[in-house]
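Inspection log for the structure reproduced underneath, given as structure tokens.
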Amino acid sequence: RKCSRCGNEGPWVVYETKKQFKLYWVPVARWSKRFIVQCMVCPNSSEVAETEARRLVAEGEQQGAKQFLRAVAAVFQAIARVGGIESREWARAVDVLIQFSEGSLTTSAAERLLREVSDADLNVSHLDEEQRLVLLRVAAEIALADLVISPKEVSALEVLAARLGFGAQVVHSLIEMLTGSKTGAARQSEADEACRVLGVQPGASIAEIRSAYK
């Protein structure tokens with residue numbers, strides 16, 4: 001929302017405050033519970049009812065999830081569009097986007113989202129460093145959907161990496177890792193070991209892997 005005091009347009013914080021009495025550091029009484037909505041830039045704030053506070057938090061979480069998914073789609077689209085919407089890369093991007101949505105997107109919805117997002121949807125402020133690196137890695141895997149990463153795809157990956165806050169060397173390291181000299185059996189062995197460490201079955205979906213990692 002937009003702040004009427006400082007003009008900032010962005011996330012606000014919702015918090016609960018109360019008075020309490022402690023006996024030997026153990027709370028034994030609480031009173032005057034209040035729920036406050038406040039701008040994250042200036043002291044502008046207002047008190048709301050508990051039900052409204054809960055609603056705002058739920059709304060914020062829903063909006064955050066939507067913004068995250070649009071950012072993910074923008075990352076995948078940046079690579080998939082190099083080959084066009086009929087390419088294997090595009091089909092792979094649709095499949096992976098469905099997995100990132102943890103089943104909330106159908107195939108048609110994922111396809112529609114990939115078509116409608118733009119570079120403006122890639123707001124890195126919604127992504128931490130780990131998420132950005134994971135997305136760059138998945139983008140490289142999408143580029144490899146047809147078993148070859150073309151020079152145009154390499155250039156697109158480098159541009160994407162810069163937007164995500166990484167240098168071109170990270171892209172080349174990822175490409176080397178994905179297309180390196182190791183045999184398919186060796187790479188599969190490493191993947192199986194990674195699954196064992198996480199406690200998931202080989203071939204697990206991205207949603208299962210993310211849940212296990214968390």
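Along the sequence shown, the residues carry numbers beginning at 1. Everything numeric here is computed off the predicted structure, so don't read it as measured data.
- Residue Y15 qualifies as enclosed at atom OH: its count of foreign heavy atoms under 6.0 Å is above 12.
- Using a 4.0 Å cut-off between charged nitrogen and carboxylate oxygen, E16 and K18 count as a salt-bridge pair.
- In this structure, L69 is not a member of the same hydrophobic cluster as I209, with clusters built from ILVMFWY side-chain heavy atoms closer than 4.5 Å.
- Under the 4.5 Å side-chain heavy-atom criterion for Ile, Leu, Val, Met, Phe, Trp and Tyr, I85 and L105 are members of the same hydrophobic cluster.
- Across every non-hydrogen atom of A139 and V75, the tightest pair is CB-CG1, 4.2 Å.
- Summarising the geometry, atom CG belonging to N44 is positioned 7.5 Å from atom SG belonging to C6; distances are rounded to the nearest 0.5 Å.
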Checklist line | side chain to side chain contact (heavy atoms under 4.5 Å, CB included) assessment of R34 paired with V48 | finding: CA-CA 8 Å; R34 302 167 61 213; V48 296; over 6 Å; no
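- A donor-acceptor pair under 3.5 Å links the side-chain atoms of S101 to the main chain of I98, judged by distance alone.
- Residue pairs that meet the salt bridge (charged side-chain N to carboxylate O under 4.0 Å, His left out) test with at least one member in residues 122-142, sequence neighbours left out, are R137-E141.
- With contacts defined as side-chain heavy-atom distances shorter than 4.5 Å, the pair K33/F35 qualifies.
- To the nearest 0.5 Å, atoms CG (L157) and OG (S150) are separated by 9.0 Å.
- Between P11 and R1 the shortest side-chain heavy-atom distance does not fall below 4.5 Å.
- The distance from the CD atom of Q169 to the CG atom of L174 is 10.0 Å, given to the nearest 0.5 Å.
- When every heavy atom of N123 is checked against every heavy atom of A71, the shortest pair comes out as N-CB, 4.5 Å.
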Next item on the list: Take W12 and C3, measure what side chain to side chain contact (heavy atoms under 4.5 Å, CB included) needs, and give me the verdict at the end.
Entry: CA-CA 9 Å; W12 284 45; C3 179; 3.7 Å; yes
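- With contacts defined as side-chain heavy-atom distances shorter than 4.5 Å, the pair F100/L135 qualifies.
- Distance check: Q77 CD to L97 CG gives 11.0 Å after rounding to the nearest 0.5 Å.
- There is a path of hydrophobic side-chain contacts, each under 4.5 Å, that joins F166 to L178.
- Residues L144 and M177 share a single hydrophobic cluster, defined by chaining ILVMFWY side chains whose heavy atoms lie under 4.5 Å apart.
- Counting heavy atoms from C-beta on, the side chains of R112 and R115 never come closer than 4.5 Å.
- The salt bridge (charged side-chain N to carboxylate O under 4.0 Å, His left out) analysis of residues 68-86, with sequence neighbours excluded, yields the pairs R70-E116, R70-D121, R81-D119.
- Linking Ile, Leu, Val, Met, Phe, Trp and Tyr whenever their side-chain heavy atoms come within less than 4.5 Å puts F76 and I175 in one cluster.
- By the 4.5 Å heavy-atom criterion applied to side chains, E102 and R210 are counted as neighbours.
- Under the 4.5 Å side-chain criterion, counting only non-hydrogen atoms from C-beta, V13 is not in contact with V37.
- Residues E111 and W90 bring a donor and an acceptor atom of their side chains to less than 3.5 Å of each other.
- Rounding to the nearest 0.5 angstrom, the gap separating the CD1 atom in I142 from the CD1 atom in I149 is 11.0 Å.
- In this structure, CD on Q99 lies 9.0 Å from CD on E208, to the nearest 0.5 angstrom.
- Taking both residues in full, the closest heavy atoms of Q38 and P43 are given as NE2-CA, 3.9 Å, listed atom of the first, atom of the second, then distance.
- Between R163 and L122, some side-chain heavy-atom pair lies under the 4.5 Å cut-off.
- Heavy atoms from other residues, nucleotides or ligands lying under 6.0 Å from CZ of R88 number 12 at most.
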Next item on the list: Go through the steps to decide whether L133 and V170 satisfy the test side chain to side chain contact (heavy atoms under 4.5 Å, CB included), and finish with yes or no.
Entry: CA-CA 9 Å; L133 186 57; V170 175; 4.1 Å; yes
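- The existence of a salt bridge linking E89 and R92 is excluded, since no basic side-chain nitrogen approaches an acidic carboxylate oxygen closer than 4.0 Å.
- The nearest pair of heavy atoms linking L114 to A73 is CD2-O, 3.5 Å.
- With contacts defined as side-chain heavy-atom distances shorter than 4.5 Å, the pair Q20/K22 qualifies.
- When all heavy atoms of A161 and G167 are compared, the closest pair comes out as CB-O, 4.2 Å.
- The two residues A143 and E153 make their nearest non-hydrogen contact at O-OE1, 3.3 Å.
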